[in-house]
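Beneath this line is the structure, given in C-alpha cells, with notes to follow.
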Amino acid sequence: PIEKQFVGEDGKRTLWVVFVLMVIASAAFAAMSWRVPVAKRLYHVITTIITIIAAISYFAMATGHGTAIHHIRIRHQNDHVPDTYTDVQRQVFWARYVDWSLTTPLLLLDLSLLAGLNGAHMLMAIVADVIMILTGLFAAFGSEGTPQKWGWYAIACIAYLVIIWHLVINGRAQAKVKGDKVASFFVAIAGFTLVVWTAYPIIWGIADGSRKMSVDGEIIAYAVLDILAKPVFGAWLLITHARMPETNVDL
Ligand code: RET
C-alpha cells in the first residue's frame, strides 16, 4: 500500500498568504530605514533582507518549487503475515532549509549586535546555527528506520543548545554593559526568540520526523512561527531601536 502525504488547498493558500505578508513586511522595513540616517540603518538592512529571503522562499513553495517527494517504508509488526509495510510518500520542502540557512544567521546577527557580543562569540553562534540547519536538512532526507535520521536531529539539537548558550550567557552579560534599558530589551526579545525557535524542532519531530502531522498542518504551523520569528520580531526590534539610542551600533 502507498500513502501519499502531499500539499492540499489549505497549505497552498497559507503559503501564498505568508508570501504576501513577507513582501509587505519587507516594504515596511525598507520604508522605516529611509527615516533614519544611512549610518544608522544596519538593523533595518539586516531585517529587510531576512523578510525578502523569506518572501522568495514562500514564492517558491507556493508555486510548487523547492520541494521533493521523500519515500519511506514503514514496516508493521505482525506475527501472522511476515513483512507487511506501507510506503509513505511525503512532500518535503527543502526551500525552507535554504531560507533558514540564510535568515537564521541574520536573525542572530541582529541579536548579537543588539547585545554587543564580541566577534568570536558572534561567529561561534552563527557557525553553530548553520550547522543546526544543515544537519536538520540531512535529518529531513534521512531514511525512516535508519539511525542516521535521528542522529542528525540530535546533532542539530546540540548545535541549537550552543546557540542558546551564547544568547543566554554571553548575550545577556554583554547587554548589561550597554545599560539597564538595553539589557531588559535584550532579555525580552531574546526570550521571545528562544520560545519561538524552540517550537521549530518540536514541529519538525511531529511532522517531518514521525509523520504524524499532515503536510498542510506542517505548513500552517511553520507559517505561524515564521511570521513571529521574522515580521513580528523585526517590527519589534526596529520600533524599539528607533526609541532607544543606546541600541545604536558603530559598524
Ligand atoms: C530543525 C530540525 C533539527 C533540530 C533543530 C531544528 C531547529 C530549527 C530552528 C529553526 C528556526 C527557524 C527560524 C526561521 C525563521 O523564520 C532544523 C527544525 C534544532 C531553530 C527562526
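Note that these values count all heavy atoms, side chains included, but never hydrogens, waters or copies made by symmetry. Since this is a predicted model, take the numbers as computed values, not measurements. Every number for a ligand or one of its atoms is a count from 1 in the order of the listing.
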**Item:** Y58 side-chain N/O to T14 backbone N/O, donor-acceptor pair under 3.5 Å
**Value:** no

**Asked** Nearest to atom 8 (C) of ligand 1, what protein heavy atom do you find, and at what distance?
**Response** Y200 CB, 3.8 Å

**Message:** Geometry only, no angles: is W197 polar-contacting ligand 1 at N/O separations under 3.5 Å?
**Reply:** no

**Item:** Options F233, W204, W150, Y97, ranked by nearest heavy atom to atom 2 (C) of ligand 1, top entry
**Value:** W204

**Asked** When the ring planes of W100 and Y200 are compared, do they come out parallel, tilted or perpendicular, using 30° and 60° as the limits?
**Response** perpendicular

**Asked** Are a donor atom and an acceptor atom from the side chains of T86 and E3 found within less than 3.5 Å of each other?
**Response** no

**Prompt:** Under a 4.0 Å heavy-atom limit, does T104 contact ligand 1 with its side chain, its backbone, both, or neither?
**Reply:** side chain

**Message:** Between K230 and D99, does any NZ, NE, NH1 or NH2 come within less than 4.0 Å of an OD or OE carboxylate oxygen?
**Reply:** yes

**Prompt:** In the protein, which heavy atom is nearest to atom 4 (C) of ligand 1, and how far is it?
**Reply:** A156 CB, 3.4 Å

**Asked** Any side-chain donor-acceptor pair under 3.5 Å between T198 and Y160?
**Response** yes

**Request:** Measure the distance from atom 5 (C) of ligand 1 to every protein heavy atom, then report the residue, atom name and distance (to 0.1 Å) of the closest one.
**Result:** P201 CB, 3.7 Å

**Prompt:** What protein heavy atom sits nearest atom 17 (C) of ligand 1, and how far away is it?
**Reply:** G136 CA, 3.9 Å

